K.L.:
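What follows is a structure written as C-alpha cells; I'll ask about it next.
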2 protein chains.
Amino acid sequence: MTLKNVAERAGVSVSTASRALNGQARKYRISRTTEKAVRKVADDLGFQASQVARSLRLKRSGLIGVIVPDVSNPFFASIARQVSLGVEASGFSVLLGDSREETAIEQRLARQLRAKQVEALLVCPVGVSCDHLIQLDRAGLPVVVVDRVFEGIELPCVTSDNLQAARELAEVLIRAGHRRIGVLSGVRESLPAKTRLQGLRTAAEQAGFTIGPSYVAGDAFTEQSGYDATQELLDRHPDLTAIFAMCNPAAIGAIRALHERGYTIPGDCSVVAFDDHPSADLMKTPLTVAVQDISRLGRLATDVLLERLDLQPTGHQVDATASSPSVQGVTARSNSDRWQVPTTLLKRASVAEPCR
Amino acid sequence: MTLKNVAERAGVSVSTASRALNGQARKYRISRTTEKAVRKVADDLGFQASQVARSLRLKRSGLIGVIVPDVSNPFFASIARQVSLGVEASGFSVLLGDSREETAIEQRLARQLRAKQVEALLVCPVGVSCDHLIQLDRAGLPVVVVDRVFEGIELPCVTSDNLQAARELAEVLIRAGHRRIGVLSGVRESLPAKTRLQGLRTAAEQAGFTIGPSYVAGDAFTEQSGYDATQELLDRHPDLTAIFAMCNPAAIGAIRALHERGYTIPGDCSVVAFDDHPSADLMKTPLTVAVQDISRLGRLATDVLLERLDLQPTGHQVDATASSPSVQGVTARSNSDRWQVPTTLLKRASVAEPCR
DNA sequence: GGGCAATGCACAATCGTTTGTGCTCTGTCC
DNA sequence: GGACAGAGCACAAACGATTGTGCATTGCCC
C-alpha cells in the first residue's frame, strides 16, 4: 500500500493524495469532494504512510533513543516508560538500548541509534566518562542525561536533589546519635555518588564530626557492591553503628551481609538508603529511605528533551528549576543546565539509637 | 554527512563509495586502492549511512516492535531486555511500546509501529482479544505473542509451562492437607489464567476434591486485584485455608489483605504464587512460588522471532519443543506453534498444614 | 468577448541509499 | 595493429513520501 496506489485508485495525482491526507487540502485548494474521496480510498485500503519515506523526505525520524544500563532494573524501566509515554503524544517512538553497565556498549548503542536517525538521545550513562555523548550533542544530536550525571558534563542533566536528600537521610542517623557511619558508595566518580557523600558530610560537620575515607566503600550501584562494601567496612570498623547506602540494591546487599554476620537491624546496626522498594512494608527490615520521584524524573527528562526539540512539553510543565547558574564556564548554551527533582524522606524501622 | 560527500571527497561516484563501504568492492571490481581511499574518507568524516534512506531502498527497517502492558513491571522489562539484547547482534533495534494494560492503546501502538515499518512485532497482549494482531500477521507482519496467550490465537506463542507449574504448586498445598483453596485469578480469558486453573483443578481431582467457581476471584494480574479478590474470597469462605495466586503482585495484595484481617501466614492461611520476587528471602513472608524463567522466555521469543524473519537465532538454540500438534485446524502454518519454557518450584515458609 | 482572478489539480525535484547496466580504458595476443 | 577480455568505475533508476511551481479551467466584470 503506497500513496501511489491510493492516488491511482482515487483518480488523482500522488501530490494531491498526499495533501488530502495531511490536512493540507485547504492550503493547496483541493476540493472537499476530492479530499473525501481520497480519504475514503485510503481508509478502504488501510493505507498507512511509510514513516521511512516520510522520514527521509522530512529529515525527521520520529524516533527518540533511550539508553539505560539495565532495563530490567525497575528504576530505569520506569524512566524508559515515562519517556515512552511522554513522547508518544508528539508522535515519537522510543528506540531502546541496554548498555549492560558497560561504556563500550553504550558507545556502540549511541552510534547505532544515531545511524537510525534518532532525533534525540536520553541516556543514563554507566561509566565515568561520556565524551562520546558530548560529541554527539556537539554534532547536533540533542542529548539529555538522567540520573548518572558527571561533573562538568556540558549536557542538560536531570537528577534528584541528591544533596538535600542525603542531608535529610543523614540527619535521621545523626539525630539518633550515630557517629560511626559506614557509606556504601555507588560509582565514585558519578555526580550522584559525590553529591550524596557531600550531603552526608555536610550534615556530619554541622553535628561536629567527620566521616573519614575509610568509612566509605563500594564502587557500583549494585547489590553485590553493597554486600562486599559492607563486609569491608565491618572488617575495618567493627564498631560501626550505621550504614548509609547510596542505592536500594546496595542496601539489600548490606542487609544480607549484616545478617550473615549475625548483626540485627537496627539493633546492632542501623541502615538508611536511597530509593524505595515497591513492597518495602512487607520486608523483614523496613528501610528508612530517601525516595526519588522516578516518574517525575522521567517526565522532567522527557520535557527537557522535547524542549530541546522545540516541541511543546507534554502538558505537565517543567516545574523544576535550573539550579547551577553556569557550569565550568564553556559556552553559555542551555545545555549546561541542571534540573533537579525533590525527594521524599520515608522513615521506617531500620534506624534506632546506637547501642555501642 | 551523506554518502555523496564521502564520494566527492574521495573523488569517486556515489555508487562506488557505497559498494566500497558495504564490502561489495570485490564483486563489483572496485580496486583495493579505491576501496581503502573511500574507507579512509568515510572514517575521517565520521560517516554513518542513513538507516532511513537505506531502509527505504532495501525495504528493511532493522526495527523490531515490542509491546508490553507495563515496562516498569520487571517481568515485562526483562522480556524487553532479552529481546533488545537478542536482536541487537542481527543489527536490529527495539521500538518500545507500553500499552498501559489497555487494548485500545495496544492497537494504536501496533498501528504506529507498523507505520514505522517494524519488521516484526513481539507482543504481550493485555486483553481478551487480539484480532488486530492476527490481522497484522496476516498482512505480512510477523507477530509473536508472549506470556498472555489466548486460545486459538493462530499466532506463534511463547509461554511458561503453566500447566505443569500450577500442578506442582498445587501439590505443595494439597500434600500439606489443604482442601479449601482460594484462587486469585489473573485475566480470566487469558490462557495463562485458564491453564493455571486447570493445572490446579487437575491436581485437586487427583487428590479427590474439586475447587468450585466460588473459590475463584479476581480478574487482573495486579496487586489491587489480588487484594480485592482475597477480601471477596474470605467473605465468601471464612474457612479458607490457603490461597493460590496467579501472579506475584496478586500474592502481595493477598498478603496485605490477610494482614489487615489479622490472619497470619502460614498459620491461618497458606499462600503460594506464580513468579518470584528478587529479594523474596528478605520478606516477612517468604512465598512458595513457581518461578518462570523470564530471561529464557525472552530469549526463546526472540529466537522464534528471528526464525520467522529467516535469520539465524542468536546462538542459544531454540531448545523448547513445539507442544500442541496443531491448533483449531486453520492453515497449517508454523504460526499455530506453541513454545513452552519449564518453571522452577521454590518452596518457602508460606505453606503449613491447615489448622482449621 | 477579452482580461483577470480564483480554483483545482498535476509535474517534477528532492531526501540518501542501493544496484543493474553500460561505458571507457589498459594490456595481451595473434 | 586490431580484436577482445577484463578491470574499474560512472550513470541512472528505483524506494515512497513531501512540496514549490505551473498549467488548465471556470466565473465574473466591464
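Owing to the predicted nature of the structure, the values given are computational and were not obtained by experimental measurement. Letters go in sequence order (proteins before strands), and every chain restarts at 1.
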K.L.:
Separation of B:R26 atom CZ from D:dA7 atom C1', in whole Å?
P.N.:
11 Å
K.L.:
Along nucleotides 14-19 of chain D, 5' to 3', which nucleotides get a B, which get an S, and which get a -, given that the test is a protein heavy-atom distance under 4.0 Å?
P.N.:
BBBBBB
K.L.:
B:D98 and A:S84: which non-hydrogen atoms are nearest, and at how many Å?
P.N.:
N-OG, 4.3 Å
K.L.:
Do you know which of B:L109, B:V143, B:V126, B:L96 makes side chain to side chain contact (heavy atoms under 4.5 Å, CB included) with B:I67?
P.N.:
B:L109
K.L.:
Please give, in whole Å, the distance from C:dG16 P to A:Q117 CD?
P.N.:
9 Å
K.L.:
A quick test of your reading: do over 12 heavy atoms of other residues, nucleotides or ligands sit less than 6.0 Å from CZ of B:R26?
P.N.:
yes
K.L.:
Whole angstroms only, please: what is the NZ-C1' distance between A:K36 and C:dC9?
P.N.:
19 Å
K.L.:
In whole Å, I'd like the distance from the CD1 atom of A:I30 to the P atom of C:dT7.
P.N.:
13 Å
K.L.:
Please tell me if the side chains of B:I64 and B:V118 come closer than 4.5 Å, counting only heavy atoms from C-beta onward.
P.N.:
no
K.L.:
Rounded to the Å, how far apart are A:K27 NZ and C:dG8 C1'?
P.N.:
16 Å
K.L.:
Would you kindly say whether B:S18 and B:S15 are connected by a side-chain donor-acceptor distance under 3.5 Å?
P.N.:
no
K.L.:
Using atom CZ of B:R32 as one end and atom C1' of D:dC9 as the other, report the distance to the nearest whole Å.
P.N.:
17 Å
K.L.:
Nearest whole Å is fine: how far is C:dT14 P from A:R60 CZ?
P.N.:
23 Å
K.L.:
If only side-chain N and O atoms of B:S31 are considered, is one of them under 4.0 Å from the OP1 or OP2 phosphate oxygen of D:dA7?
P.N.:
no
K.L.:
How long is the line joining CG of B:L21 and C1' of C:dT19, in whole Å?
P.N.:
15 Å
K.L.:
Report yes if the side chains of A:K116 and A:S61 come closer than 4.5 Å at any heavy-atom pair, otherwise no.
P.N.:
no
K.L.:
Base, sugar-phosphate, or nothing: which does B:T34 touch, judged by heavy atoms less than 4.0 Å apart?
P.N.:
sugar-phosphate
